[in-house]
Amino acid sequence: MTSYIKKTYCRVCEASCGLAIEVGEDARGNETIRQIRPDDEHPISKGYACIKGTTLGGIHHDPDRVNYPMKRVNGAFQKITWQQAIREIAEQARAIKNRYGANALGHYTGNPSHANFKNILCTVDFIKILGSRNLYASHSIDLNNKFQVASDMYGVDIVHPIPDFEHIQFFMCIGANPVVSQMSVISVVNPLKKMQAIEARGGKVIIVDPRRSETASKVGEHLFIQPGTDAFLLLSMLAVLHFELNFHATQSDEFADGAQQLLAAAEQWTPERVAPITGIEAADIRRIAKEYQQAEGAGLYMSTGVNMGPFGSIAYWVLQGINYLSGNLDKRGGLLIPEGALDWLGLAQQIIENDPDMVTAEHRWQQVAGCFPISTLPDEILSTKPDHIRALFISAGNPVHSTPHHAWPEAMSELELCVSVDIYINETAERYADYVLPATDMLERSDFPLSHLPLQSESYAQYSTAVMRPKFERREEWEIFGDLLLAIGAPIVSKKPLLILSRINALLKRLPGNAILTPDHLLKILLAMGGKVSLKQLCDKPEGIKLSPHQPGSFLSNRLKRKINLAPFRVMSDLPRLTAYAETLEQGLGVDSDTSLVLIGRRSRKSHNSWMHNNSEIKQPNSNHAYIHPDDAKARHLNEGDRVKISTGDNFIILPVSITDDLMKGVIAAPHGWGHKDSKNRKSSQLSGENINKVIPGGKTHMEPVSGQAIMLAHPVEVVKLHESITSR
């Protein structure tokens, strides 16, 4: 057997760490991953990568992978040919479209789709080319609020200022645990090292979280905060900065409108009022506001622990406002807006389409980042409107498992056609898919970190060829959806890349040779237009090329297309709900009963949402746990390892308890993504964990009204010791 090293990068999270993969090949040409290690030559990660990236071989070689097109026949999946799969799916989809209209077709794209540049350029257009409005995406589970607020404030969904880690002197991290899960909507490698460097040069790091996380135990000052109250903390900081410390926003009139409305919104939230709501002392709120103001370069950052709460949009709006009004936006040592290897700002405006007149049939939810909120999908399937969704295509997603909504079983059972394109038969596909089509994994395709260009803390570019040839009959998603598009019936001409490529390739297949036009050809053109690095240069340097550092001042003066809106109507309209929420807490009505605790999530370094638990190269604990404070355990007569029943209404799960004083009193934490008993994947189905989404209320009343974000945190749940066996679930 011969072996060779291929350079690539991990696509599990935004960090995109460089990987060096040793591939073995026998005399018959069969390829095997022998080892994956962090790439020491990568210009940014420089030999850093976490366990998820270095064990991707366990997914590539997993015997439970989907390797052939599968059709459900008499309740069981049977192998069929690609030709049969495309023909039958197209016939059914076309019949549904002709009978009910194009909006009867829906498409959901899961988290891995957004780390695949070919999906971004091509596959997301599949359902739109067919004339349907019904595109849904996973970002409405964890960060819809950021996209919505960015759109309302900056005019583009993907403007998310990135801390200048190399120079910043004050960094406040709210609702994030970078040691375990890197950072969301920031492409930064080894953020712990970055934060420790801030302290080493005399700066300040503050971690705000209801749990003393792994990050808080290693760096910075930690402040406990009541779940769901982060917006109050930020408003109070703004009130102190403006009304007590008299900071002046000298550039607000030049680059932004609405400063006075934003400041007026903060006025009532004094530290004295906010302290009992958040659990943070008034003196501490004043102190950190003063430390922020006095720092030579400061930045505030929030992540999923705030996004997924009840007021993520208001919190992100205030956070962005503080960073701007303090003069820290587009400033060295503050926050920068990366340019990247190509004009991502212009490209995003071409790719992302938010038509304000395009709304869901039920409850009239608008699109965010070009997609409707996934939490409303069951309502769209069960709608009584003539063109309600009757066929659903799912790309790299597991919505029934990942999203709380107790109408999922009823809704999915109503579909006339369900097609899953994935690397596994997940829980959604196992129960509801009529067809499962095998997709390639990240090592079997070429790629470029397109979606992460505007998020890079250090600017670089990397193009990865496919590390391995696709095993068995796995195919790339853009090809699958292109074939389905032509078979269902699409317009002759279109500006959409997926249809252009599919039409041209259909002609090329009739000619001698094996020529094919791919999204890589589009990437070559885009990079040439960017003028910073060519595809050839990237092919010659597979470990990646570091680009010029981000230039402070370039965004506000040159790249900002309009004035920043510091008082977006959609967010401002939600302020009465925030006030009502505060009054409820102030009246002591926030917790339902003496046995209630407030639920938050918790991430694991070995897990990634719902799709890493079958990896044979990662040793998982047998179950997820419910983490509670010692005082809460004592009140319930609980000892370490006892089982508790966690419930909302008639819905419950049972988990073993882990007792820790790292958690705020009155709070319960449980990792998400567990509970694979409905799966036939051999390793994950044997794990005894439970899906926390079973007890999180879903649907319209539990979606944030600004963005449609699913409210996944800060729900009160009943927690009682389990004394007897419960057999029914």
For Ile186 against Glu14, the heavy-atom pair lying closest together
O-CB, 3.3 Å
Run Leu130 and Ile488 through side chain to side chain contact (heavy atoms under 4.5 Å, CB included) and show every step you take.
CA-CA 8 Å; Leu130 291 172; Ile488 294 170; 3.8 Å; yes
His702 ring center near His715 ring center (under 6.0 Å)
yes
Leu450 and Leu342 have their tightest heavy-atom pair at CD1-CD1, 4.2 Å
Please report the interatomic distance OG(Ser459) to CG(Leu547), rounded to the nearest 0.5 Å.
4.0 Å
Regarding Arg11 and the six-membered ring of Tyr9, is the cationic atom NZ or CZ under 6.0 Å from the ring centre and inside 45° of its axis?
yes
Regarding His672 and Asn609, is there a side-chain donor-to-acceptor distance under 3.5 Å anywhere?
yes
Student check: side-chain heavy atoms of Val159 and Leu560 closer than 4.5 Å
no
Looking at Thr376 and Pro373, would you say the former's side chain and the latter's main chain have a donor-acceptor pair under 3.5 Å?
no
Do Asn119 and Thr109 touch side chain to side chain, with heavy atoms closer than 4.5 Å?
no
Any chance NZ of Lys532 has more than 12 other-residue heavy atoms, nucleotides or ligands included, within less than 6.0 Å?
yes
Test side chain to side chain contact (heavy atoms under 4.5 Å, CB included) applied to Leu329 and Ile337, step by step
CA-CA 8 Å; Leu329 180 65; Ile337 296 84; 3.7 Å; yes
Those residues that, when tested against Asp379, pass salt bridge (charged side-chain N to carboxylate O under 4.0 Å, His left out) (two or more places apart)
none
Could you check whether any side-chain heavy atom of Pro378 comes within less than 4.5 Å of a side-chain heavy atom of Trp408, counting everything from C-beta outward?
yes
Short question: side chain of Gln462, backbone of Pro449 - any donor-acceptor pair under 3.5 Å?
no
So, for Phe393 and Tyr108, is the gap between ring centers shorter than 6.0 Å?
no
Leu415 and Ile389, any side-chain heavy atoms less than 4.5 Å apart:
yes
Verify side-chain hydrogen bond (donor to acceptor under 3.5 Å, both in side chains) between Ser554 and Arg559, making sure each step is shown before the conclusion.
CA-CA 7 Å; Ser554 65; Arg559 291 183 286 140; 3.1 Å; yes
Does the side chain of Ser395 reach to within under 4.5 Å of the side chain of His107, using non-hydrogen atoms?
yes
Looking at Leu498 and Trp478, what are the two nearest heavy atoms and their distance?
CD1-O, 3.4 Å
Hey, is CE on Met358 packed in by over 12 heavy atoms from elsewhere, all under 6.0 Å?
yes
Taking the six-membered ring for Trp and the full ring for Phe, Tyr or His, determine whether the centres of Tyr463 and Phe448 are under 6.0 Å apart.
no
Determine, for Lys128 against Asp125, whether the closest basic-nitrogen to carboxylate-oxygen distance falls under 4.0 angstrom.
no
Output yes when a side-chain donor or acceptor of Ser140 lies under 3.5 Å from a complementary backbone atom of Ala137, and no otherwise.
yes
So which heavy atom on Gly321 is nearest to which on Met153, and how close?
N-CE, 4.4 Å
Using the side-chain hydrogen bond (donor to acceptor under 3.5 Å, both in side chains) criterion, which residues pair with Gln320? Sequence neighbours excluded.
Tyr154, Tyr316
Would you find a donor on one side and an acceptor on the other, under 3.5 Å apart, between the side chain of Arg577 and the backbone of Pro310?
yes
What class does the angle between the rings of His139 and His114 fall in, given that below 30° is parallel, 30 to 60° is tilted and above 60° is perpendicular?
tilted
Is it true that His452 and Ser16 share a donor-acceptor pair across their side chains at a distance under 3.5 Å?
yes
Check the side chains of Asp142 and Thr304 for a donor-acceptor pair under 3.5 angstrom, ignoring hydrogens and angles.
no
Short N-O contact, Lys194 and Glu458, less than 4.0 angstrom
yes
Take a 6.0 Å sphere around NZ of Lys700 and say whether it holds more than 12 heavy atoms from other residues, nucleotides or ligands.
no
Going by heavy atoms in the side chains, are Pro491 and Ile129 under 4.5 Å from each other?
yes
Heavy-atom closest contact (Leu499 atom, Ser494 atom, distance):
CD2-CB, 3.3 Å
Assess whether side-chain hydrogen bond (donor to acceptor under 3.5 Å, both in side chains) is satisfied between Arg570 and Gln366, documenting all intermediate values.
CA-CA 12 Å; Arg570 201 182 328 238; Gln366 292 186 335; 2.5 Å; yes
Under 6.0 Å between the ring centres of Phe147 and His160?
yes
Given side chain to side chain contact (heavy atoms under 4.5 Å, CB included), test Asn307 with Lys146 step by step and report yes or no.
CA-CA 7 Å; Asn307 302 344; Lys146 286 193 171 183; 3.5 Å; yes
Distance-only polar pair, side chains of Asn398 and Thr428, donor-acceptor under 3.5 Å
yes
Assess the pair Phe255 and Tyr324: is the distance between their ring centroids shorter than 6.0 Å?
no
Is a side-chain donor or acceptor of Ser45 paired with a backbone partner of Gly18 at a separation under 3.5 angstrom?
yes
Is a side-chain donor or acceptor of Asn323 paired with a backbone partner of Leu300 at a separation under 3.5 angstrom?
yes
Does either side chain, that of Glu704 or that of Ser313, offer a donor lying less than 3.5 Å from an acceptor on the other one?
yes
Indicate yes or no for a side-chain donor-acceptor contact from Asn103 to the backbone of Arg133 under 3.5 Å, with no hydrogens or angles considered.
yes
Pair Glu476-Thr440, side-chain donor/acceptor within less than 3.5 Å:
no
Short N-O contact, Lys118 and Asp520, less than 4.0 angstrom:
yes
CA sep, side-chain torsions, deciding dist, call: Ser383, Glu362, side-chain hydrogen bond (donor to acceptor under 3.5 Å, both in side chains)
CA-CA 7 Å; Ser383 171; Glu362 300 296 323; 2.6 Å; yes
Salt bridge Lys385-Asp387, side-chain N to carboxylate O under 4.0 Å:
no
Side chains of Asp157 and Gln148: closer than 4.5 Å at any heavy-atom pair?
no
With a 4.5 Å limit on heavy-atom distance, are the side chains of Trp317 and Pro568 in contact?
yes
Would you sort out whether Asn145 and Val368 count as a side chain to side chain contact (heavy atoms under 4.5 Å, CB included), showing the intermediate values?
CA-CA 9 Å; Asn145 62 296; Val368 178; over 6 Å; no
If I take atom CG from residue Asn328 and atom CD1 from residue Ile322, how far apart are they, to the nearest 0.5 angstrom?
10.5 Å
Do Asp164 and Lys331 meet the salt-bridge criterion of a basic N to acidic O distance under 4.0 Å?
no
Are the side chain of Glu380 and the backbone N or O of Ala361 linked by a donor-acceptor pair below 3.5 Å?
yes
Verify, without hydrogens or angle tests, whether Asn693 (side chain) and Ile696 (backbone) share a donor-acceptor contact under 3.5 angstrom.
no
Please confirm whether the backbone N or O of Trp365 pairs with a side-chain atom of Thr360, one donor and one acceptor, at under 3.5 Å?
yes
Of all heavy-atom pairs between Ser132 and Ala102, which one has the smallest distance, and what is that distance?
CB-O, 3.2 Å
